[in-house]
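All figures in this text were calculated on a predicted structure; none of them were measured in a lab.
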Amino acid sequence: MNTLYIKQENIKAWFDAIVKAYDRVVAPVAALDVVAFSQVDAFDKVASHDSYTQTTRSAKEVLFPRTELLFSYKKEDKKVTVKDFDPQSVPSTVLWQVRPCDAASVFPLDAVFNWDYKDKLFNVRREKTTIVAVSCAKADDYCFCSSVGGGAGSTRGSDVLLTYTPNGAVVEVSTEKGEALVALAKDFFSENTED
């Protein structure tokens with residue numbers, strides 16, 4: 001694990017570099033008194049990390065959507081042509097500002113989708129998704145991080161964990177996917193993790 005620091009004024013620029021490099025960025029968005037995950041294209045659309053405790057729904061829908069195309073077919077007279085799911089159609093995705101409990105919840109999904117049969121659709125989405133978690137500064141009655149083997153600042157399941165400080169964020173990079181994110185704006189990071 002590599003621990004770095006990024007100043008507050010550089011977080012938006014890093015986020016902008018991520019938006020340019022990936023097909024989509026999904027982050028918590030505040031609307032009508034709720035915070036839910038939604039695709040975003042600008043940093044100012046992301047809910048502030050300290051303005052909510054949990055989102056209304058889990059981030060798992062990025063990996064396991066409610067509906068998905070399994071195959072398509074074309075019928076011409078009596079001939080039916082079946083076209084399988086195209087793995088290239090899955091967008092490269094960054095899940096930004098996921099709570100540690102949501103990040104850790106990918107492990108039960110891995111187990112379910114791979115216990116006796118390797119689910120191609122799930123695994124392609126998992127491979128093409130990078131998870132940026134954010135440490136929790138507060139809890140509520142519905143928090144469950146310890147139920148998934150984590151904690152308020154756990155890196156379990158995330159590629160990068162952000163822990164905000166008054167002037168920036170400590171950035172804990174856990175995986176190669178996380179290293180690729182940091183490499184997009186490497187000049188904004190330092191090894192000095194003090195404000």
Between [X] and [Y], is there a donor-acceptor pair closer than 3.5 Å when you use the side chain of the first and the backbone of the second?
{"X": "Lys60", "Y": "Ser105", "result": "no"}
{"X": "Asp77", "Y": "Lys79", "result": "no"}
{"X": "Lys177", "Y": "Thr129", "result": "yes"}
{"X": "Trp14", "Y": "Leu184", "result": "no"}
{"X": "Glu76", "Y": "Thr81", "result": "no"}

Minimum-distance pair of heavy atoms, taken over all atoms of [X] and [Y]:
{"X": "Ser89", "Y": "Phe85", "result": "OG-CE1, 4.0 Å"}
{"X": "Tyr5", "Y": "Ala169", "result": "CD1-O, 3.3 Å"}
{"X": "Thr55", "Y": "Ala36", "result": "CB-CA, 4.4 Å"}
{"X": "Ala27", "Y": "Val46", "result": "CB-CG2, 3.8 Å"}
{"X": "Pro87", "Y": "Val124", "result": "O-CG1, 3.7 Å"}
{"X": "Pro28", "Y": "Val35", "result": "CB-CG1, 3.6 Å"}

In Å, rounded to the nearest 0.5 Å, how long is the span from [atom1] of [X] to [atom2] of [Y]?
{"X": "Phe188", "Y": "Ile11", "atom1": "CZ", "atom2": "CD1", "value": "11.0 Å"}
{"X": "Asp84", "Y": "Leu69", "atom1": "CG", "atom2": "CG", "value": "9.5 Å"}
{"X": "Lys186", "Y": "Leu4", "atom1": "NZ", "atom2": "CG", "value": "12.5 Å"}
{"X": "Phe15", "Y": "Ile6", "atom1": "CZ", "atom2": "CD1", "value": "12.5 Å"}
{"X": "Arg126", "Y": "Leu63", "atom1": "CZ", "atom2": "CG", "value": "6.5 Å"}
{"X": "Asn123", "Y": "Asn114", "atom1": "CG", "atom2": "CG", "value": "4.0 Å"}

Aromatic rings Tyr164 and His49: how do their planes relate, parallel, tilted or perpendicular, breaks at 30° and 60°?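 Aromatic pair Tyr164/His49 classed parallel.
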For Phe113 and Phe122, take the angle between the two ring planes, folded into 0 to 90°, and tell me which bin it lands in: parallel under 30, tilted 30 to 60, perpendicular over 60.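 Rings of Phe113 and Phe122: parallel, as their planes differ by under 30°.
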Excluding sequence neighbours, so at least two apart, what forms side chain to side chain contact (heavy atoms under 4.5 Å, CB included) with Ala59?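 Once residues adjacent in sequence are excluded, the partners of Ala59 under the side chain to side chain contact (heavy atoms under 4.5 Å, CB included) criterion are Phe37, Leu95, Val98, Asp102.
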Tell me whether [X] at atom [atom1] has more than 12 heavy atoms from other residues, nucleotides or ligands lying less than 6.0 Å away.
{"X": "Glu9", "atom1": "CD", "answer": "yes"}
{"X": "Phe43", "atom1": "CZ", "answer": "yes"}
{"X": "Glu127", "atom1": "CD", "answer": "no"}

Would you mind listing every side chain to side chain donor-acceptor pair (under 3.5 Å) that reaches into residues 16-42, with sequence neighbours excluded?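 Qualifying pairs: Lys12-Asp16, Asp23-Ser92, Arg24-Thr93, Asp41-Lys45.
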Single-linkage hydrophobic cluster [X]~[Y], side-chain heavy atoms < 4.5 angstrom:
{"X": "Leu121", "Y": "Tyr73", "value": "yes"}
{"X": "Val80", "Y": "Phe71", "value": "yes"}
{"X": "Val40", "Y": "Leu162", "value": "yes"}
{"X": "Val29", "Y": "Val26", "value": "no"}
{"X": "Ile131", "Y": "Val62", "value": "yes"}

Walk me through whether Val19 and Trp96 qualify under side-chain contact (heavy atoms from CB on, under 4.5 Å). CA-CA 11 Å; Val19 168; Trp96 178 267; over 6 Å; no
Could you walk me through whether Asp159 and Leu181 pass side-chain contact (heavy atoms from CB on, under 4.5 Å), step by step? CA-CA 9 Å; Asp159 299 294; Leu181 281 189; 5.9 Å; no
Are Val134 and Arg99 close enough that some pair of their side-chain heavy atoms sits under 4.5 Å apart?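 Answer yes - side chains close enough.
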Does some side-chain heavy atom of Glu172 sit less than 4.5 Å from a side-chain heavy atom of Thr163?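 They are in side-chain contact.
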